[in-house]
Chemist: 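Structure provided below as structure tokens; questions to follow.
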Number of protein chains: 2
Amino acid sequence: MFTAMAVITQPVATTRNRILDVAERLFVKHGYDGTSLRMITGEAKVNLAAVNYHFGGKEALMEAVLKRRLDWLNEERMRVLDELEASADGRPPRPHKIVEAFFGTLIGMGSNRELGGEVFLKLIGRSFTSPNGFIRALLAEEYREVVERYKQAFINALPEVPRQEVAWRFQFMLGATAYALAGSDFLQVSVQFDSDELPIEQARRLWPRLYSFLVGGMRAAIPEGDLQPLGGFGLGLSMADLEAADLDDADDAAVA
Amino acid sequence: MFTAMAVITQPVATTRNRILDVAERLFVKHGYDGTSLRMITGEAKVNLAAVNYHFGGKEALMEAVLKRRLDWLNEERMRVLDELEASADGRPPRPHKIVEAFFGTLIGMGSNRELGGEVFLKLIGRSFTSPNGFIRALLAEEYREVVERYKQAFINALPEVPRQEVAWRFQFMLGATAYALAGSDFLQVSVQFDSDELPIEQARRLWPRLYSFLVGGMRAAIPEGDLQPLGGFGLGLSMADLEAADLDDADDAAVA
DNA sequence: CATCTTTTCAAATGAACGTTTGAATAATAC
DNA sequence: GTATTATTCAAACGTTCATTTGAAAAGATG
């Protein structure tokens, strides 16, 4: 029975799938710019031209790699929120339940190899801050609908918190999660892991802690509006700063 | 007086400094791999060979770009924590004060052009998840001492929270902060900005909200240890996952 | 079996990359 | 003013990159 299930669920190792699997792994390890098609096709044991034949080019390959996982994730997130709202007949679901629905579905993918496992978690964690405009644009477009729906759910669940604050906190939660997933070496320094602890065991420990942190941040007191960071605004500040601050050119800032 | 101060504090635009300034900006905009020495030297209006002459190579240039800002930041963070602990004669400083000392100093750099302004904030935010091993290793080494000291301060300030939990939450705070700074296009989607709001104004709004979120997360309830994400662990999981999970090769995982 | 489509393959293209070289120029020291 | 050092410069090096090409092989269809 186990064998039969595995056969059904495990995709066949076609040229196309082998490229997707290897590309996903190498994009995480070396980044999009740092991964060449020769590295991918070499490791996947397919011809160099296969990427262009099956996907059309390097950017289109990255798009296929991301969409393969995100399509499932988006549907799952919608489904879970549907369930949550249906089971609460009329009343808005509790905030911590929405946190669990949105971020728990993602973290859960880390333990399911067929959904990309922790490789995909790292990829998605790093893609949000990719310097490549088309990647951020793709992510923004893929996330737009689901994020809007969850944001509204949070707003309904937290009537005492201004809409703007909810949006900011959503952003902060995404950041804390993405960084925990991206898993830099720095994490190894900051958090004192047992050095021989297996990655899958680390992932298991992550969720309850992240969940607790996110809910704590989501429920925090409303900030006063005029708090200033150390060093203070206005120090060495002039109109020139405002002009120079516009970093993004028009060509890579476009989001459909 | 303003003129005199500006002359004193503003570094002379030597070849070396012009390269550093342009490189900092382009590394943020296109990433390390996506920025060529020809782009840098072209925009800085210096000869192509100048980077190798003054810094020794591209990696050494990136190192110089980061260290120029981090050396100041590290000293400032140490100084602020010194002050904090001195003013509390014996008792450990309050947790929210430590949050302010660590993250407030960083955010404050965003409004000071001579300290790199928001360009540096983006750079540091993205560098933590860089796919280039030498960048993460450099950051880990640069942060090690200061992070250890602050972590201890948090542990002293939160005697009821286990040390491990403090370390995790420190990591989550760093992530939320770094992502807020990295400022992807996605933030524009998630958070409904006034479209014509100036970047410097956005930065001013960021700090009180981030501060509130971080303190809320830091003070959250201690998580139960066996909470599982949606989808659950054990689904589609086998020993093979553990082996495949080891992504990093020895060559780029080294941290001195 | 013959025909047509899909896929694979080795080879080549032109462009861009980081780095090196050695001479020319500028700055400093005596 | 001459000797010495520091810096700039144009040019070239060898390598690697994404993509294209056209033929060969494999598979599907009648």
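Within every chain, numbering begins at 1; the chains are lettered A, B, ... in the order of the sequence lines, protein sequences first and strands thereafter. The model shown is predicted, which means the values in this text are computed figures rather than measured ones.
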Chemist: Nearest whole angstrom, please: distance from the C1' of dT19(C) to the CG of Asn52(B).
Modeler: 5 Å
Chemist: For the residue pair Leu70(A) and Leu138(A), establish whether any side-chain heavy-atom pair is separated by less than 4.5 Å.
Modeler: no
Chemist: So Thr35(A), base contact, sugar-phosphate only, or nothing? Heavy-atom distance under 4.0 Å.
Modeler: sugar-phosphate
Chemist: Could you tell me whether the side chain of Leu37(A) reaches within less than 4.5 Å of the side chain of Asn52(A), counting heavy atoms only?
Modeler: yes
Chemist: Rounded to 10°, tell me the angle between the two end axes of the helix from dC4(C)-dG27(D) to dC30(C)-dG1(D), each built from five pairs.
Modeler: 10°
Chemist: Is there a side-chain contact between Thr41(B) and Val51(B) in this structure, where contact means two heavy atoms from C-beta onward sitting under 4.5 Å apart?
Modeler: yes
Chemist: When you measure from every atom of DNA chain D, which of residues 56-67 of chain B have a heavy atom less than 4.0 Å away?
Modeler: none
Chemist: In this structure, is the centre-to-centre distance between the rings of Phe128(B) and Tyr143(B) below 6.0 Å?
Modeler: yes
Chemist: Tell me, which pairs form a ring-ring contact (aromatic ring centres under 6.0 Å, His included) where one or both residues lie in residues 31-71 of chain A, sequence neighbours left out?
Modeler: Phe27(A)-Tyr32(A), Tyr32(A)-Phe134(A)
Chemist: Calculate, to the nearest 0.5 Å, the distance between atoms CD1 and CG belonging to Ile124(B) and Leu121(B) respectively.
Modeler: 9.0 Å
Chemist: Got a second to check how far Glu24(A)'s CD is from Ile40(A)'s CD1, nearest 0.5 Å?
Modeler: 11.5 Å
Chemist: Could you tell me which residues satisfy side chain to side chain donor-acceptor pair (under 3.5 Å) with Glu76(A), sequence neighbours excluded, listed by chain and number?
Modeler: Arg79(A)
Chemist: Compute the centroid of each ring, for Phe102(A) and then for Phe170(A), and state whether the two points are separated by less than 6.0 Å.
Modeler: yes
Chemist: Under a 4.0 Å N-O cut-off, is there an ion pair linking Asp21(B) with Arg68(B)?
Modeler: yes
Chemist: Output, in order, the C-alpha distance, side-chain angles, deciding distance and verdict of side-chain contact (heavy atoms from CB on, under 4.5 Å) for Thr177(A) and Ile107(A).
Modeler: CA-CA 9 Å; Thr177(A) 305; Ile107(A) 305 292; 4.2 Å; yes
Chemist: Heavy atoms under 4.0 Å is the rule here; annotate nucleotides 4-16 of chain C 5' to 3' with B where the base is hit, S where only the sugar-phosphate is, and - elsewhere.
Modeler: --SBBBB------
Chemist: Taking atom C1' of dG18(C) as reference, at what distance in whole Å does atom CZ of Phe134(B) sit?
Modeler: 13 Å
Chemist: For Glu148(A) and Arg144(A), what are the C-alpha separation, side-chain angles and deciding distance, and is it a salt bridge (Lys or Arg N to Asp or Glu O under 4.0 Å)?
Modeler: CA-CA 6 Å; Glu148(A) 276 306 312; Arg144(A) 195 172 43 79; over 6 Å; no
Chemist: Less than 4.0 angstrom from a charged side-chain N to a carboxylate O is my criterion; do Asp82(B) and Arg149(B) meet it?
Modeler: yes
Chemist: Would you grab the first and last nucleotide of DNA chain D (5' to 3') that comes under 4.0 Å of any non-hydrogen atom in chain B?
Modeler: dA6(D) to dA12(D)
